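Proteins get letters first, then strands, A, B, ... in listed order; numbering begins at 1 in each. Bear in mind the structure is a predicted one, so any value in this text is a computation, not a measurement.
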Amino acid sequence: MSPRPVVTRFAPSPTGFLHIGGARTALFNMLYARHKGGTFLLRVEDTDRERSTEAAVAAIFEGLNWLGVKPDAEPVFQAARADRHRQAVMTLLETGHAYRCHLTVEELEAERERARAEGRAIRSPWRDRVHNDPDAPHVIRFKGPLEGETVIDDLVKGQIRFRNIDLDDLVLLRTDGAPTYNLAVVVDDHDMGVTHIIRGDDHVNNAARQTLIYQAFGWEVPAMAHIPLIHGPDGAKLSKRHGAQAVGEFADMGYLPEAMRNYLTRLGWGHGDSEIFSDAEAVSWFDVRDVVKSPARLDWAKLAFVNAHYIKDADNERLADLVRGDIARRGETLPDGVDRHLATLIELLKEGAKSTLDIAASLEFVIKTRPLSLDEKCKGLLTEETRARLSRLAEHLAAVEFQREPLEAAIRAFAGQEGVGVGKFGAALRGVLSGGSPAPDLATALTALGRDEALGRILDAVS
RNA sequence: GGGCCCUUCGUCUAUCGGUUAGGACACCAGAUUUUCAUUCUGGGAAGAGGAGUUCGACUCUCCUAGGGCCUACCA
C-alpha cells in the first residue's frame with residue numbers, strides 16, 4: 001500500500017445546482033480524508049465550456065458551505081489547466097498511446113451504429129493510419145490495448161474486471177483542441193496528488209478507461225471507491241417530483257445542516273446501531289470500505305426525525321434567525337412584540353418541530369391580534385356555563401406568575417376549586433387562546449402569550 | 001444490442017458459515033395528557049427465485065428474475 005498521506009477530492013461539474021447525491025459524495029470524501037488525517041480538495045470540472053456556468057459554480061460552493069463541507073485548499077478550476085492537459089496528450093501521442101482520428105461526424109455515427117449492431121465497442125479506422133494532411137480537422141483518441149483485461153480493486157464494490165476489447169478509444173482532445181473529461185480527471189488527479197478517488201457509481205465504467213490512461217502515462221493508479229447513487233422514495237432516480245434534489249432546497253425546507261450531515265452519512269453507511277452521531281464521531285468511525293454497495297432511497301420521515309432531534313439541541317437564538325429567514329422568504333414579517341422575544345418563544349415551541357418551518361407555523365397563534373376570530377369549533381365550545389367559568393379562570397390567573405409550572409399548577413387548582421376536571425374547560429380555553437390554530441399545551445400557550453395578551457384573549461371571548 | 005454493478009422488515013441498516021436474523025425511522029395497539037404533538041410500554045414486519053459447495057448457508061459459487069449505471073468531440 002502506498003505510504004503517501006491520503007488526498008481525496010470532490011469534483012463536481014458546474015452545470016446545475018448541487019445535487020443531494022453529490023453532496024453526500026463530497027461529505028464522504030471529506031470524512032475519509034479527515035479520518036485518515038489527510039487532505040480534502042475541491043476541483044470544479046468545467047471543461048465543458050458550453051454547459052458550465054458561473055451561477056452553477058456559485059450554487060455548488062454555497063451548497064457545500066451550507067452543508068459544512070470545507071476543502072482544505074483553494075478550489076482548482078479544471079478549465080484553467082487546459083494547457084497542461086494538451087501537453088499531456090502530446091506526450092501520449094509521442095509514446096504511441098494516442099492517435100489522430102479524422103473521422104467525420106457522419107462517419108463516426110455510421111461506425112457507432114455498426115459497432116452497436118455487432119455488439120462490440122466502437123473503434124476508429126484511424127487507429128493505425130496517418131492522414132496525409134496532419135492539419136486536417138481531427139480529434140485525438142486514446143489508443144487502448146486490444147487484449148488483456150483491466151481490473152479495478154474498488155474499495156466498496158470489490159474487484160471489477162473489464163476486458164480491454166470492450167473499452168473504446170475515447171476522445172482525449174476535441175477538434176477545437178479542448179481536453180475532455182476522462183483525460184482531464186486523470187491528469188488533474190495525478191497532479192493534485194489524489195490518492196483516493198471517491199465518486200458516484202455512475203463512474204465505474206470510466207474507472208477502467210482512466211486506469212488505462214494512468215498506465216499509459218506510467219503513473220500510479222489511485223485507489224478508487226464508487227458509491228451508490230441516492231434514489232427517490234420509490235426507488236427511481238431522484239427527480240423533481242420527489243420533492244427536492246438540490247441541497248439549497250433542503251435548506252429552504254427548514255432542515256439544519258448538521259441534521260443533513262448526520263442523515264446523509266447514515267444513508268448508505270453505518271456504524272453498528274448508531275443513528276445519531278456527532279461530526280467528530282463520524283470522522284473517527286468513517287471508512288469508505290464500510291459504505292454499502294446498493295443504492296439507498298431518500299426517506300423523508302427519517303430525515304424529519306433526525307432534524308427534529310437536532311432542532312431540540314439547537315441554540316434558540318440561531319433558530320430564531322432561521323425562523324425569521326423562513327418567514328421573510330414567504331414575504332412576511334413578525335410583529336415587533338413577537339420578534340423581540342422570539343428566542344424565548346422558540347424554547348417554548350420547538351418541542352416536536354420537525355423543521356424550522358414547523359416552528360414558524362407554530363408561531364401562528366401567537367401572531368394573531370385581538371380580538372381573535374374564533375373558528376366554528378371553538379365557538380361551539382363556549383356555552384353559557386363555560387364562559388362564566390373562563391371569566392372566573394381569568395381572575396384566578398391574574399395573580400399567577402406566567403411561567404409554565406405555576407400556570408400548570410394554577411389550572412389544576414382552579415379545576416379543583418370548581419369541582420370539575422380540566423377537561424371541562426380545557427378545550428374551550430385553548431380555543432379562545434388560539435382561535436383554532438394549532439397550539440401547544442395550555443400552560444405553554446399561556447406562557448408564550450404572556451399575561452396581558454392571554455388574559456385579554458380570554459376576556460374578549462367571554463364578554 | 002454490448003459492458004459493468006446491485007438485491008435482508010415499507011425505508012435505512014447489523015450480521016463478516018452456526019443468531020429466537022439485531023437496531024432505527026415509519027406503522028399499529030395501549031398508557032399518560034386539556035386537542036394535536038411529545039413521552040412511555042408493547043406489537044406486527046425481511047434474507048427475490050432456483051440449483052450447488054458444506055455437517056451447517058442471509059453469508060461462498062452458478063443460473064434466472066427484477067432494478068440501476070455506462071455505451072458522447074457531457075461530466
Contact class for A:His226 (heavy atom, under 4.0 Å): base, sugar-phosphate, or nothing?
nothing

Distance between the C1' atoms of B:U11 and B:A45, in whole angstroms?
12 Å

Whole-Å distance separating the CG atom of A:Leu229 from the P atom of B:G67:
17 Å

In whole Å, measure the gap between the C1' atoms of B:U19 and B:U61 for me.
24 Å

Between A:Glu147 and A:Asn164, a side-chain donor and acceptor under 3.5 Å:
no

Base partner of B:U11, which must satisfy Watson-Crick or wobble distances under 3.5 Å:
B:A24

If you draw a 6.0 Å radius around NZ in A:Lys368, do more than 12 non-hydrogen atoms from other residues or ligands fall strictly inside?
yes

Rounded to whole Å, CZ of A:Arg123 lies from P of B:A72 at a distance of 13 Å

Could you check whether the rings of A:Phe142 and A:His97 sit parallel, tilted or perpendicular, using 30° and 60° as the cut-offs?
parallel

Counting the atoms with a prime plus P, OP1 and OP2 as sugar-phosphate, which does A:Arg49 contact under 4.0 Å by heavy atoms, base, sugar-phosphate, or nothing?
nothing

Separation of B:A72 P from A:Leu103 CG (nearest whole Å)
13 Å

Under 4.5 Å between any side-chain heavy atoms of A:His35 and A:Leu31, yes or no?
no

With distance as the sole criterion, is a donor-acceptor pair present between the side chains of A:His138 and A:Tyr99 under 3.5 Å?
no

Taking atom P in both B:G50 and B:A57, what distance in whole Å separates the two?
14 Å

Within this structure, what is the CG-to-C1' distance between A:Asp287 and B:C16, rounded to whole angstrom?
15 Å

Assuming nearest nucleotide by heavy-atom distance, tell me which of A:Pro233 and A:Arg112 is located more 5' along RNA chain B.
A:Pro233

Provide the Watson-Crick or G-U wobble partner of B:C36, both distances under 3.5 Å; none if there is no partner.
none

Spacing of the P atoms in B:C4 and B:C12 (rounded, Å):
26 Å

Please evaluate the base of B:A75 for a donor-acceptor partner in the side chain of A:Asn206 within a cut-off of under 3.5 Å?
yes

Between P on B:C25 and CZ on A:Phe305, what's the gap in Å once rounded to a whole number?
4 Å

Do the side chains of A:Glu453 and A:Arg457 get close enough for a salt bridge, i.e. N-O under 4.0 angstrom?
yes

What does A:Val171 touch in the nucleic acid at a heavy-atom separation under 4.0 angstrom: a base, only the sugar-phosphate, or nothing?
sugar-phosphate

Please examine the side chains of A:Ile140 and A:Val171, heavy atoms only from C-beta on, and report whether any two atoms are closer than 4.5 Å.
no

Same-atom distance (P) from B:C28 to B:G68, integer angstrom
31 Å

Please produce a list of atom pairs where a protein N or O lies less than 3.5 Å from an N or O of nucleotides 4-9 of chain B.
from	atom 1	to	atom 2	distance (Å)
B:C5	O2'	A:Lys157	NZ	2.8

With heavy-atom distances below 4.5 Å as the criterion, would you say the side chains of A:Lys157 and A:Ile152 are in contact?
no

Identify whether any heavy atom of A:Gly268 sits under 4.0 Å from a base atom; if not, whether one sits that close to sugar-phosphate; answer base, sugar-phosphate or nothing.
sugar-phosphate

Take the protein atom CZ of A:Arg199 and the nucleotide atom P of B:C69, then report the distance between them rounded to whole Å.
17 Å

Consider the side chain of A:Leu267, meaning its heavy atoms from C-beta on, and name the nucleotide among B:C69, B:U71, B:C12 that approaches it most closely.
B:C12

Backbone N/O of A:Pro440 and side chain of A:Thr444: donor-acceptor pair under 3.5 Å:
no

What's A:Ala296 touching, base or sugar-phosphate or nothing? Going by heavy atoms closer than 4.0 Å.
sugar-phosphate

Side chain to side chain contact (heavy atoms under 4.5 Å, CB included) test vs A:Ile160 passes for just one of A:Asn205, A:Asp154, A:Thr150, namely A:Asp154

For a quick check, tell me whether the side chain of A:Glu118 and the base of B:G1 share a donor-acceptor pair closer than 3.5 Å.
no

Where do N or O atoms of nucleotides 60-66 of chain B meet protein N or O atoms at under 3.5 Å, pair by pair?
none

Might you confirm whether atom CD of A:Glu258 has over 12 heavy atoms from other residues, nucleotides or ligands at distances under 6.0 Å?
yes

Check nucleotides 34-45 of chain B for protein N or O atoms closer than 3.5 Å to its own N or O atoms and list the pairs.
from	atom 1	to	atom 2	distance (Å)
B:U34	O2	A:Arg430	NH2	2.7
B:U34	N3	A:Leu442	N	3.4
B:U35	N3	A:Arg430	NE	3.3
B:U35	N3	A:Arg430	NH1	3.0
B:U35	N3	A:Arg430	NH2	3.0
B:U35	O4	A:Arg430	NH1	2.9
B:U35	O4	A:Arg430	NH2	2.1
B:U35	O4	A:Pro440	O	3.3
B:U38	O2'	A:Glu351	OE2	2.5

Grab the CH2-P distance between A:Trp126 and B:C73 for me, whole Å please.
17 Å

Side chains of A:Phe425 and A:Val420: closer than 4.5 Å at any heavy-atom pair?
yes

Residues A:Arg81, A:Asp191: salt bridge by 4.0 Å N-O rule:
yes

Salt bridge present between A:Arg127 and A:Asp169 (N-O < 4.0 angstrom)
yes

Only pairs with both distances under 3.5 Å count, Watson-Crick or wobble alike; so what is the partner of B:C4 in this structure?
B:G68

Students often get this wrong, so: under 4.0 angstrom with heavy atoms, is A:Thr47 touching a base, only sugar-phosphate, or nothing?
sugar-phosphate

Closest-nucleotide ordering on RNA chain B, the 5'-leading residue of A:Asp202 and A:Lys302:
A:Lys302

Atom CZ of A:Arg297 to atom P of B:A46: distance rounded to whole Å?
17 Å

Under 3.5 Å for both donor-acceptor distances, Watson-Crick or wobble: does B:U61 have a partner, and if so which one?
B:A51

When you check the phosphate oxygens OP1 and OP2 of B:A72, does a side-chain N or O of A:Thr180 lie under 4.0 Å from one of them?
no

P gap between B:G23 and B:A14, integer Å
15 Å

In whole angstrom, give me the gap between the P atoms of B:U15 and B:U7.
14 Å

Which value, in whole Å, describes the distance between the P atoms of nucleotides B:G2 and B:C25?
46 Å

Does A:Arg289 pair with A:Asp287 as a salt bridge, N-O distance under 4.0 Å?
yes

Phosphate contact (B:A24 OP1 or OP2) by A:Arg266 side-chain N/O below 4.0 Å:
no

